[in-house]
Amino acid sequence: MGYILRRLGFYLAAFWVSITLNFMLPRLMPGDPVSRMVARLQGSIRPEQIEALRRSFGVDDAPLWEQYVRYLGQMLSGDMGFSISRFPTPVTDVIAGQVGWTVLLGLTSLIIAVAIGNLLGILAAWRRGGVLDSVLPPVLIFIGSFPYFWLAMGLLWLFGVTLGWFPLRHAFSMGTVPDFSLDFVGDVAYHLVLPATSIVLVSIGGWMLGMRNTMIATNAEDYIVMAEAKGLRPGRIMMRYAARNAMLPSVTAFGMSLGFIVGGALLTEVVFAYPGVGYQLLSAVQNLDYPLMQGLFLTITTAVLIANFLVDIVYVRLDPRVRVS
Amino acid sequence: LVGCSGGGKDTAADLDGTQLLTIPREDMGTFDRNFNPFSNPDFPMTQQAIYESMLIFNPADGTTTPWLATEWEVAPDGTGVTYHLRDDVKWSDGEPLVADDVVVSFDLQRQIRGGFDYIEKITAVDDTTVQFDFSEPFSPALLDIGQQSIAPAHIWREFDDPAKETNPEPVGTGPYTEVTNFQAQSFDLLRNPEYWQPDAQRIEGIRVLAFAGNDGANLAAANGDVDWAPQFIPNIEKAYVEKDPEHRFYWFPPTGSMVNWQFNTTKAPFDDANVRKALSMAVDREQVAEIGMQGYTKPADCTGLTGSYDSWRDEDVVSSCTWTKRDLDGAAKLLDEAGITLGSDGKRVLPDGTPFEFDYSVGAASSDWVSVGNVIAQNLAELGVTVNVAARDWAEVVSGYESGDFDSGVVWSNSAPTPYQFYRGVMSTETVKPAGEQAFENYHRFGSPEADALLDRFAAASDQATQTSVMNELEALFAAEAPVAPLFPGPEWGAASTARFTGWPTEDDPYATLSTRARTAVLILTTLEPVKG
Amino acid sequence: MSLAQEPNAMAELDLGGEPDSTSRRRPAREGLIQGLLSNKKAIAGLVILAVFAAIALLAPVLSPGDPTLIQGLGAQPPSGDHLLGTTAKGQDVLALNLWGARSSLFVGFIVGILATLVGLLVGLASAYLGRVVDNVLSLVTNVFLLLPGLPLLVILAAFLPQGIGTVILVLVITGWAGSARVLRSQALSIRGKDFVAAAQVTGEGSFRIMFREILPNMASIVMSTLLACIIFGIGAQAGLEFLGLGDISTVSWGTNLYWASNDGALLTGAWWVFVPPGVSIALVAFALALVNYGVDETTNPRLRRPRRRVAAAQPTPVSSKEVSR
Amino acid sequence: MSAPLLEVDDLTVEYVTDTRVVTAVDRVSFTIGEGEVFGLAGESGCGKSTIANAVLRLLRDPAVIAGGSIRFRGTDVLALTAQELRAFRWRQVAMVFQSAMNSLNPVMTIGDQIADIYTTHDGISKKEALRRAAGLLDLVGIPRERLRSYPHQLSGGMRQRVVIAMATALRPPLLIMDEPTTALDVVVQQEIMAQIKDLQRELGFAVLFITHDMSLMVELSDRMAVMYAGRFVETAPAVTVFDEPRHPYTRALMNAFPPMTGPRTRLTGLGEGIRFAHIPDLVPVAADHWVAPSGPTDSSTEVAR
Amino acid sequence: MSPSDTPVLSIRGLEKTFSIGSAFSRGRVRALGGVDLDIAHGEVVALVGESGSGKSTLARCLARLEQPSGGTFSFEGRDILTSERRGASRAYRSAVQMIFQDPFGSLNPVHRVGHFLERPLRLHDAAAGRSEIDAAKRRLMAKVDLPAELLDRYPHELSGGQRQRIAIARALAVNPRLILADEPTSMLDVSVRIGVLNLMRTLCEQQGISMLYITHDLASARYIADRIVVMFAGEFVEGGDAMALLADPMHPYTQLLISAVPDPRRRGSFDAAERARLRREVLHPTACRWEGTGDQPCSADTPVFHRVSDTPEHWVRCQLYAPPSDAPGTAIDSPAMDEESTVL
Ligand SMILES: Nc1ncnc2c1ncn2[C@@H]1O[C@H](COP(=O)(O)OP(=O)(O)OP(=O)(O)O)[C@@H](O)[C@H]1O
Ligand SMILES: Nc1ncnc2c1ncn2[C@@H]1O[C@H](COP(=O)(O)OP(=O)(O)OP(=O)(O)O)[C@@H](O)[C@H]1O
Ligand SMILES: [Mg+2]
Ligand SMILES: [Mg+2]
């Protein structure tokens with residue numbers, strides 16, 4: 001319990017640091033969203049409209065600390081204001097509409113990568129020198145060395161455009177109405193294949209290699225030798241004794257990767273025109289949409305912190321050694 | 001289920017005449033349901049299919065089409081305009097269009113988006129007549145006012161905070177107002193049951209798709225998943241047309257804003273018109289257009305006017321002017337005269353002995369203009385002048401422009417139905433702010449009292465002849481002063497396929513530009529016909 | 001590996017196994033270099049790296065003049081004149097990629113070195129000084145680790161003036177925490193060793209203990225952190241530049257990809273513009289990963305490839321009789 | 001004397017790596033009778049654990065049994081298939097490892113780890129297995145509720161007792177104990193040894209007992225062997241080794257433990273850097289006392305580099 | 001009182017409490033519960049006790065590797081904790097040295113042997129030049145019976161015993177007056193243990209160095225030490241002349257310890273029942289140390305030491321030995337102050 005409380009304290013501190021950072025960052029840069037918009041629309045906003053724009057977006061001239069206090073209040077009450085680039089949609093609406101897709105894409109690919117990667121790692125370490133152990137790691141590392149947007153574009157062109165096996169864009173077919181029918185779920189899964197594969201391909205090597213290396217270390221532990229001496233079946237030794245212990249560092253790494261879920265799919269989302277917050281963050285940044293940017297960053301950070309906290313709780317279940325202390 | 005529906009890949013059987021016109025929106029990865037015509041930025045098709053204006057000006061051929069208004073009169077002294085509305089127009093909820101709608105729309109526009117500062121008073125004279133009074137003579141107002149979207153007063157008066165209204169179920173006079181099947185990445189607009197030109201609603205409806213960037217939209221276009229491709233497509237012949245030459249075409253009329261190379265005239269030696277001209281002369285505009293802009297536009301001339309203003313262009317000025325044609329020797333001579341001489345290392349030095357080297361500022365996001373900068377830098381290197389292409393974030397670039405803290409840079413010009421706004425933006429002393437003070441136009445800070453007088457005369461002139469002669473004088477003044485170096489008119493991107501819809505505007509039939517965001521798009525929507533069978 | 005991967009994900013997972021005690025006893029530095037030179041994977045990696053380093057250094061010789069020079073016809077497929085064809089603008093693709101190696105490798109290595117250095121300083125100070133310093137530094141490190149990297153990267157890149165310095169700064173800011181964590185935990189375990197206490201009893205100062213006693217024992221972990229950070233640096237720079245958030249006036253593999261996509265290379269089938277930068281990035285990252293692999297195998301001989309295929313729970317073979325399975 | 005329980009004959013174990021071959025155990029022969037405690041002493045790295053693991057064929061990859069034979073009650077252990085070996089392990093020969101800390105799986109409860117033995121070998125239900133596990137804990141005096149504890153929740157001594165209990169789970173005729181108490185406090189160490197003694201009296205198993213603590217070994221074993229660099233240098237009944245060590249290395253070992261009684265006299269250990277090279281085969285010097293020959297002023301010693 | 005009578009080291013009520021966990025937790029471990037000890041000039045004091053009783057903690061506090069949380073100690077009459085608040089001075093370092101348990105851990109594997117001798121020589125004898133240092137290094141190697149050519153080796157090229165000798169040489173390099181040896185032989189191979197013990201004994205005798213020898217091996221304590229102090233759970237429970245204490249252990253814990261030492265000479269004397277009784281007595285949670293009955297003066301609040309034999313140094317701290325009026329034992333305040341009190 002003490003451990004969990006301690007972690008909670010840490011996450012609160014981390015949360016405060018990140019919301020403060022979130023506040024400071026946009027205010028450190030030159031230019032304001034209105035100038036940015038003027039530049040972006042190149043001539044279709046008239047100079048005389050600029051003042052009105054400023055007014056309506058509430059570009060703020062109050063002293064920093066005052067803005068900070070107000071900002072803290074707003075963040076705590078969940079009010080993130082209006083998106084500037086999508087005025088007058090509230091930031092919360094913009095995010096709420098998209099975050100689900102990002103989580104779907106990120107979580108699916110993460111889980112697939114972790115599951116397959118770890119399994120391969122376990123098997124490779126268990127049968128040293130086999131195909132899995134000697135051929136697969138370099139191959140996966142090589143694939144993982146490609147910039148993931150590059151790989152995503154390659155997949156899109158190969159399997160989407162050239163071969164036409166998979167849809168080129170979006171999370172589900174145009175014109176379908178989202179519901180929980182089998183058809184729709186199938187459609188969503190079908191659209192998920194390429195984007196998820198591109199992420200899985202890039203990340204699976206790291207998982208496999210990590211698991212393999214930990215597992216090799218674990219295999220040399222006395223308790224594995226003891227389990228063998230006990231005459232247990234190899235399958236049981238591999239899963240219950242070796243993999244169960246070797247998994248622990250992966251769990252921590254999994255927590256860390258949750259951060260990647262939300263932010264990391266950014267380029268994938270852009271390449272596959274997949275809905276999600278990643279792309280929105282990019283466009284918010286391009287439009288200097290502070291409120292949206294802050295909202296997104298805050299959402300992402302909060303999600304990551306909460307997810308990590310959950311991982312910590314799970315970790316406590318998985319590793320009895322941290323329960324006391 | 002398998003495959004993406006709604007594109008040009010439909011077999012003949014799918015072309016039953018009810019196919020939806022599929023349009024991409026390349027800069028919105030996802031849609032939020034926001035059909036507020038007064039919000040920034042415009043939501044796709046809001047100003048084109050849902051809300052309409054009193055008249056439509058087509059820059060491609062310079063014609064003006066009466067739309068919600070049938071006719072109008074400009075006050076003889078230029079201090080007002082009166083529009084007469086069509087009496088058969090109904091809002092999509094069945095209410096009739098009245099003059100009060102116009103009054104309320106302008107109130108909202110001025111309150112939310114600003115502008116129209118010259119309007120003093122708007123009066124609904126009767127149900128179909130609305131009168132605008134100005135504080136001073138302002139002839140360009142006619143088209144300016146006429147192109148404002150009109151929203152229904154009976155709806156918008158009810159909203160507590162119109163600025164923050166997302167207007168999810170829009171009520172408009174346009175041809176396609178019924179929003180259906182709204183998803184984060186697509187939505188459909190179906191026919192307005194009350195449309196005033198039912199004959200023109202030949203297509204079933206419009207489907208808008210969201211794309212997180214040009215790449216996705218281009219891919220969709222190349223793949224034939226959309227009917228209309230209004231975004232920038234690199235190497236369009238190969239990337240788009242070649243894949244279905246029978247149906248696909250593009251047309252990039254030079255009707256966008258003029259793209260200028262501006263010099264900070266508060267800094268020496270850019271305060272010298274001859275230096276500006278010399279630099280301009282060193283630029284190979286053909287190459288700029290060919291390489292920087294992929295040949296999608298053509299070089300500018302000394303009037304600085306885009307293709308929208310062809311009817312205003314004074315051919316005398318164009319033919320007598322030299323500084324927009326590449327002439328390295330001429331440029332060298334001008335620089336020598338200005339005391340910027342060639343050093344022994346082949347680089348020019350200013351009279352004070354420092355090397356003539358300066359920045360070309362450009363927003364990094366505008367990759368085409370960065371390329372333009374690269375070509376310019378290459379061109380000027382031949383003259384012994386070093387230009388550094390400083391590609392930075394647009395916000396930073398613009399804030400440098402606004403405060404007058406830059407050497408030179410690429411900039412767009414004001415675009416409006418008449419060249420008045422353009423010349424005002426580059427030459428009027430009213431728009432000049434001292435360096436350090438924030439300017440929203442005329443970043444190069446050039447002002448000429450002569451131009452002021454001409455601009456005033458133009459604003460006050462209500463007859464075409466006077467306007468033309470004043471405009472010719474303004475053009476000559478521009479050619480003489482070279483306040484900025486016009487590079488090329490911005491093309492208005494547009495490409496389309498006749499595979500599923502016919503009746504697109506083309507270079508030969510320029511009844512509208514091929515842009516989805518221009519006012520003229522409604523002309524296309526009411527012209528297109530679905531291909532059947 | 002690219003932006004996708006958390007920096008150091010690999011290095012972290014590798015910590016699973018304490019390096020074999022027999023190699024621990026060898027002086028870390030000499031053993032490491034010798035080990036690397038006798039490891040096939042590492043040699044392969046070093047050779048690839050050397051080739052790219054040579055390309056970067058010799059770019060002005062191999063392809064004199066400005067690589068961005070527009071040389072006539074655009075979008076030409078590979079030919080005798082232009083071995084890798086030309087871009088849509090008519091620039092020589094080969095020249096662009098040769099010169100691109102300079103910026104990419106420079107940024108990658110500088111980012112790697114700086115991020116490792118910062119991580120090292122923080123890790124050492126945290127581990128050696130302990131108490132308050134450790135608490136504060138650990139908090140900061142963990143916060144930076146948890147902050148979603150890519151979004152932070154995108155936001156920072158947008159907020160700072162564009163340029164190569166910014167790219168480096170931003171990547172260091174987002175990349176140091178991973179190395180700090182790895183290095184801290186390693187430093188912490190070394191700090192607990194008796195020879196540190198012995199040095200204290202001898203009267204050595206803190207600075208000397210940190211850098212002369214602790215640091216040399218971390219050679220291999222510093223090395224793998226460095227390699228992981230370089231991979232991160234190269235990949236993340238490419239990602240940033242691909243998004244147009246880098247310095248697009250430099251010539252690098254990332255900007256080459258940016259321009260390729262901007263000029264519709266894929267759309268027009270100009271694969272020769274798109275492929276070389278991606279493959280170059282992948283090869284360099286792969287080479288670095290191979291060296292890292294070699295470092296792992298050197299410090300932890302268990303990870304080396306066994307001479308024959310062996311299952312973990314297999315009975316000891318008897319040389320006269322054949323191995324029973 | 002009845003047929004020996006374990007017969008090891010000319011056992012040679014090599015660690016074959018890419019660069020070199022280390023002969024960790026070199027032509028070693030010994031027997032253990034039923035119920036006998038056989039001690040194996042020697043410096044660190046001389047190959048004690050290698051012998052112990054070889055008997056169960058637990059040695060991992062670079063290790064190869066290069067020669068010799070191991071017979072257990074007549075069965076050739078080296079000829080067993082993996083399948084047969086699994087059945088052989090723990091039922092016939094169980095083992096207690098050097099450090100209990102590491103030989104228990106940290107993420108499984110004690111109960112589950114004991115129950116694993118029963119469910120695998122006896123094929124009984126988990127519930128029944130846990131019931132028997134509780135009985136085992138009684139045997140070593142650990143409260144039954146500890147079945148649900150994880151290893152880290154037990155003290156070092158308790159953990160080692162759990163491991164010993166596990167070793168006796170299937171009542172094997174031979175227990176191998178590889179330094180079962182080195183990591184423990186002297187007091188606890190004695191406790192554990194007493195426990196082992198008690199269990200051995202009760203269950204009658206033979207023990208292969210490995211330690212480098214000569215005093216402990218002499219106190220506990222019936223017969224012992226002293227090992228040096230992969231070879232045996234002396235075997236004899238424990239008392240004999242203690243009273244009249246013959247080999248210089250054995251003598252040095254005996255000298256290394258100051259006595260707890262009697263006057264304080266200066267002892268001399270083995271000189272620093274002295275290595276014995278080329279140890280010949282054992283020759284009998286008395287009944288049941290075998291020694292590797294070496295002169296009084298040992299000519300075969302050399303100073304290590 | 002002549003200078004030689006002043007104890008080299010004098011510890012009074014030294015305490016150390018560890019807080020475990022991070023900034024957010026409050027867990028505490030009391031490793032040292034207020035101990036008193038004097039070490040005389042040239043004296044070898046052995047500190048024995050079970051694992052985790054706080055032996056290393058005491059040594060580390062004295063070596064200024066840990067900051068004690070209470071109490072004082074003075075070295076050669078100078079109160080160290082008040083005079084050197086922020087870490088140890090160089091002067092203190094050159095007088096008090098420590099030898100660690102694990103010779104593999106205490107020599108940094110990246111340095112050559114010469115480095116370990118050179119650093120203290122440089123740090124503590126700034127004036128010395130290159131050649132002087134080289135000579136000093138050779139002298140040190142000779143002192144610990146090692147050939148000088150080992151100076152160029154790396155630690156991993158040496159055997160355990162050789163390493164520990166290097167560690168001893170390093171400690172000797174500064175000419176210390178007190179050496180804290182924390183289980184210096186427990187990690188060594190049995191065959192070389194005795195050689196290292198002999199070396200330390202000899203050095204102390206020849207150079208008059210005092211030593212605190214920490215071990216859990218009573219036999220080696222008996223072999224090397226003049227005096228033995230028994231530690232239990234952070235407290236000293238018995239102390240006295242080495243031979244006398246081992247011959248006649250008073251405290252149940254000491255008895256338990258002694259009975260636990262395997263000794264082939266006592267083969268067969270192993271009495272499980274007796275051991276179990278002792279153990280119960282010591283470790284039973286309610287068998288509180290020094291829990292006096294109402295009229296007896298020894299309790300946790302006012303612990304008193306009992307002199308229990310003719311030798312003045314042998315004392316014990318246990319309520320079992322509360323002196324009946326006619327018993328030889330007498331209560332004393334503190335064993336360490338005993339000598340002073342006789343002087344007064
Ligand atoms: N995996 C291995 N590869 C190569 N050599 C090995 C390996 N394992 C052990 N050895 C060598 O085999 C020899 C015998 O090792 P073993 O573990 O049997 O010694 P030990 O007598 O049990 O020592 P200790 O008392 O330290 O436990 C040692 O010299 C060691 O270096
Ligand atoms: N840095 C530390 N943080 C927390 N607790 C500590 C620390 N160092 C020691 N302790 C605790 O203090 C107590 C005494 O430890 P110490 O190392 O002094 O015992 P010891 O007598 O030397 O034992 P051993 O014989 O095993 O070396 C133990 O309970 C230990 O867990
Ligand atoms: Mg062993
Ligand atoms: Mg200790």
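Naming: A, B, ... by sequence-line order, numbering from 1 per chain.
- Ranked by heavy-atom pairs shorter than 4.5 Å toward chain D, the options Gly231(A), Ala220(A), Pro234(A) are led by Gly231(A).
- Proximity to chain D involves both the backbone and the side chain of Arg240(A), based on heavy atoms less than 4.5 angstrom apart.
- Aromatic pair Phe38(D)/Phe30(D): ring centres closer than 6.0 Å.
- With hydrogens and angles left out, the side-chain atoms of Asp116(D) and Tyr241(A) include a donor and acceptor closer than 3.5 Å.
- For the residue pair Thr218(A)/Asn245(A), the side-chain donor-acceptor check at 3.5 Å is not satisfied.
- Of all the listed residues (Val107(D), Ile117(D), Leu170(D)), the one sharing the greatest number of non-hydrogen pairs under 4.5 Å with chain A is Val107(D).
- Top candidate by heavy-atom pairs under 4.5 Å with chain A, chosen from Arg60(D), Met95(D), Gln113(D), is Arg60(D).
- Ranked by non-hydrogen atom pairs under 4.5 Å with chain A, the options Arg91(D), His121(D), Gln83(D) are led by His121(D).
- Across all their heavy atoms, Ser18(A) and Thr301(A) have their closest contact at OG-CG2, 3.2 Å.
- Between Tyr223(A) and Phe97(D), the distance separating the two ring centers is not shorter than 6.0 angstrom.
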